[in-house]
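Chain letters run A, B, ... following the sequence lines, proteins first, then strands; residues in each count from 1. These numbers come from the heavy atoms of this one structure, side chains and all, not from hydrogens, waters or symmetry mates. A quick note: this is a predicted structure, and the numbers were derived from the prediction, not measured.
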Amino acid sequence: MRFATWNVNSLKARMPRVEAWLADIGPDVVCLQETKLADATFPALAFQALGYDSVHHGQGQWNGVAILSKAGIDDVVNGFADGGPPDVDSRIITATCGGVRFSSVYVPNGRAVGHDHYQYKLAWFGRLRGHLAATSQPGDQVVVCGDFNVAPEDRDVWDIAAFEGDTHVTPPEREALAEVEDWGLVDLFRRQWGDQDRLYTYWDYRAGDFHQGRGMRIDLVLGSAPVVDRLQWCVVDRNARKGTLPSDHAPLVVDLADGG
DNA sequence: ATGGTAGAGCATCTA
């Protein structure tokens with residue numbers, strides 16, 4: 001199975017790139033974030049024409065997450081299934097595709113340390129762990145992937161000094177991410193690439209950051225132990241960040257061995 | 001130079 005995750009930063013603006021990329025990469029399952037669409041305007045028919053079933057949890061204008069699949073989409077959950085109140089934003093959708101329980105997540109940005117949105121971000125991670133505990137077990141085939149808006153280690157940003165006092169690198173954010181991982185998930189990209197640094201998934205549009213190598217590794221694929229056992233390859237598709245009208249995020253592409 | 005660009009949607013907000 002080949003699957004991928006991609007923050008497209010508006011599916012409406014990115015649809016030509018996404019369609020060409022699907023044909024080029026040929027993933028079986030795709031988790032998308034920041035569609036910025038309402039469910040009524042999600043292009044399910046266009047994806048169907050490319051062979052993908054799809055589910056979308058959107059609100060329009062901001063946020064919005066989706067899953068595309070050529071391997072079936074069952075037991076779909078919009079938002080958290082942790083017994084708590086509905087999330088104020090559309091930031092997580094969960095479905096079983098090809099025997100793997102996928103969650104496509106768009107973790108809140110946080111905006112600034114101490115901001116209300118920063119507290120929302122930390123609480124959101126707690127709800128994510130509760131959602132996992134309520135809907136699956138660590139011994140299941142589980143993948144949680146998307147834009148986590150946290151760089152797990154200092155090596156995951158282009159210059160840690162440039163982020164002093166900023167979000168995405170603070171200990172509370174990293175601890176909140178670690179508590180999700182402690183449920184029973186492994187960072188598949190880090191597993192693949194060991195201690196290599198300067199490997200990023202996001203580059204700000206401004207100031208030529210992409211071409212200057214000023215990036216951040218904030219998009220992650222987390223897999224349970226049974227998924228780790230099937231891991232063959234995990235890579236950032238930097239080509240998708242080049243050329244005409246790119247997203248500011250590049251996709252992560254993962255190959256799993258058959259079975260599981 | 002506390003900068004820069006892109007996408008939402010039409011004045012700013014978000015990232």
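Using modelled atom types, one finds a donor on one side chain and an acceptor on the other under 3.5 Å when comparing Tyr205(A) with Asn9(A).
Among residue pairs with one or both ends in residues 121-138 of chain A, those qualifying as salt bridge (Lys or Arg N to Asp or Glu O under 4.0 Å) are Asp82(A)-Arg127(A), Lys121(A)-Glu173(A); sequence neighbours excluded.
Protein atom NE2 of His168(A) is 12 Å distant from nucleotide atom C1' of dT14(B), rounded to whole Å. Regarding Tyr120(A), its OH atom lies at a distance of 13 Å from the P atom of dT14(B), rounded to whole Å. Put simply, CG on Asp166(A) is 12 Å from C1' on dA15(B), counting in whole angstrom units. Taking atom CG of Asp89(A) as the reference point, atom P of dC13(B) lies 17 Å away to the nearest angstrom. In this structure, CD of Gln33(A) is placed 17 Å from P of dG7(B), rounded to the nearest angstrom. When rounded to the nearest whole Å, the span between CG of Asp204(A) and C1' of dA6(B) equals 9 Å. Separating the CG atom of Asp248(A) from the P atom of dG4(B) is a distance of 18 Å, rounded to the nearest angstrom. Taking atom CG of Asn63(A) as the reference point, atom C1' of dG7(B) lies 13 Å away to the nearest angstrom.
Mapping Ala207(A) and Gly110(A) onto DNA chain B via the closest heavy atom, the residue that lands nearer the 5' end is Ala207(A). Nearer to the 5' terminus of DNA chain B, by closest-nucleotide assignment, is the contact made by Arg14(A) (compared with the other of Arg14(A) and Asn109(A)).
By the ring-ring contact (aromatic ring centres under 6.0 Å, His included) test, Tyr118(A) pairs with no residue at all, sequence neighbours left out.
Taking the six-membered ring where tryptophan is involved, the planes of Phe42(A) and Phe47(A) are tilted, since the angle between them lies from 30° to 60°.
Residue Tyr202(A) is out of contact with every strand shown, counting any heavy-atom pair closer than 4.0 Å.
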Using a 3.5 Å cut-off and no angle test, enumerate the donor-acceptor pairs between side-chain atoms of residues 20-31 of chain A and protein atoms at least two apart in sequence or in another chain.
{"from": "Trp21(A)", "atom 1": "NE1", "to": "Asp237(A)", "atom 2": "OD2", "distance (Å)": "2.9"}
{"from": "Asp28(A)", "atom 1": "OD2", "to": "Arg2(A)", "atom 2": "N", "distance (Å)": "2.8"}

Side-chain donor-acceptor contacts of residues 212-220 of chain A below 3.5 Å, not counting sequence neighbours, with atom names and distances?
{"from": "Arg214(A)", "atom 1": "NE", "to": "Asp209(A)", "atom 2": "OD1", "distance (Å)": "2.7"}
{"from": "Arg214(A)", "atom 1": "NH2", "to": "Ala207(A)", "atom 2": "O", "distance (Å)": "2.7"}
{"from": "Arg214(A)", "atom 1": "NH2", "to": "Asp209(A)", "atom 2": "OD1", "distance (Å)": "3.1"}
{"from": "Arg217(A)", "atom 1": "NE", "to": "Asp156(A)", "atom 2": "OD1", "distance (Å)": "2.8"}
{"from": "Arg217(A)", "atom 1": "NH1", "to": "Asp187(A)", "atom 2": "OD1", "distance (Å)": "3.2"}
{"from": "Arg217(A)", "atom 1": "NH1", "to": "Asp187(A)", "atom 2": "OD2", "distance (Å)": "3.2"}
{"from": "Arg217(A)", "atom 1": "NH2", "to": "Asp156(A)", "atom 2": "OD2", "distance (Å)": "3.4"}
{"from": "Arg217(A)", "atom 1": "NH2", "to": "Asp187(A)", "atom 2": "OD2", "distance (Å)": "2.9"}
{"from": "Asp219(A)", "atom 1": "OD1", "to": "Thr201(A)", "atom 2": "OG1", "distance (Å)": "2.6"}
{"from": "Asp219(A)", "atom 1": "OD1", "to": "His249(A)", "atom 2": "ND1", "distance (Å)": "2.8"}
{"from": "Asp219(A)", "atom 1": "OD2", "to": "His249(A)", "atom 2": "ND1", "distance (Å)": "3.2"}

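Comparing dG9(B) with dT14(B), their C1' atoms are spaced 12 Å from each other, to the whole Å. Annotation: dT2(B) and dG7(B) have their C1' atoms spaced 23 Å apart (nearest Å). If you take atom P in dA1(B) and the same atom in dA11(B), they sit 34 Å apart, rounded to whole Å.
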Under 3.5 Å, N/O pairs linking protein and nucleotides 8-12 of chain B:
{"from": "dA8(B)", "atom 1": "OP1", "to": "Ser10(A)", "atom 2": "OG", "distance (Å)": "2.3"}

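In this model, the phosphate group of dG3(B) is not approached by any side-chain N or O of Arg206(A) to a distance below 4.0 Å at OP1 or OP2.
Other cluster members for Leu245(A): none, since no ILVMFWY side-chain heavy atom sits under 4.5 Å from it.
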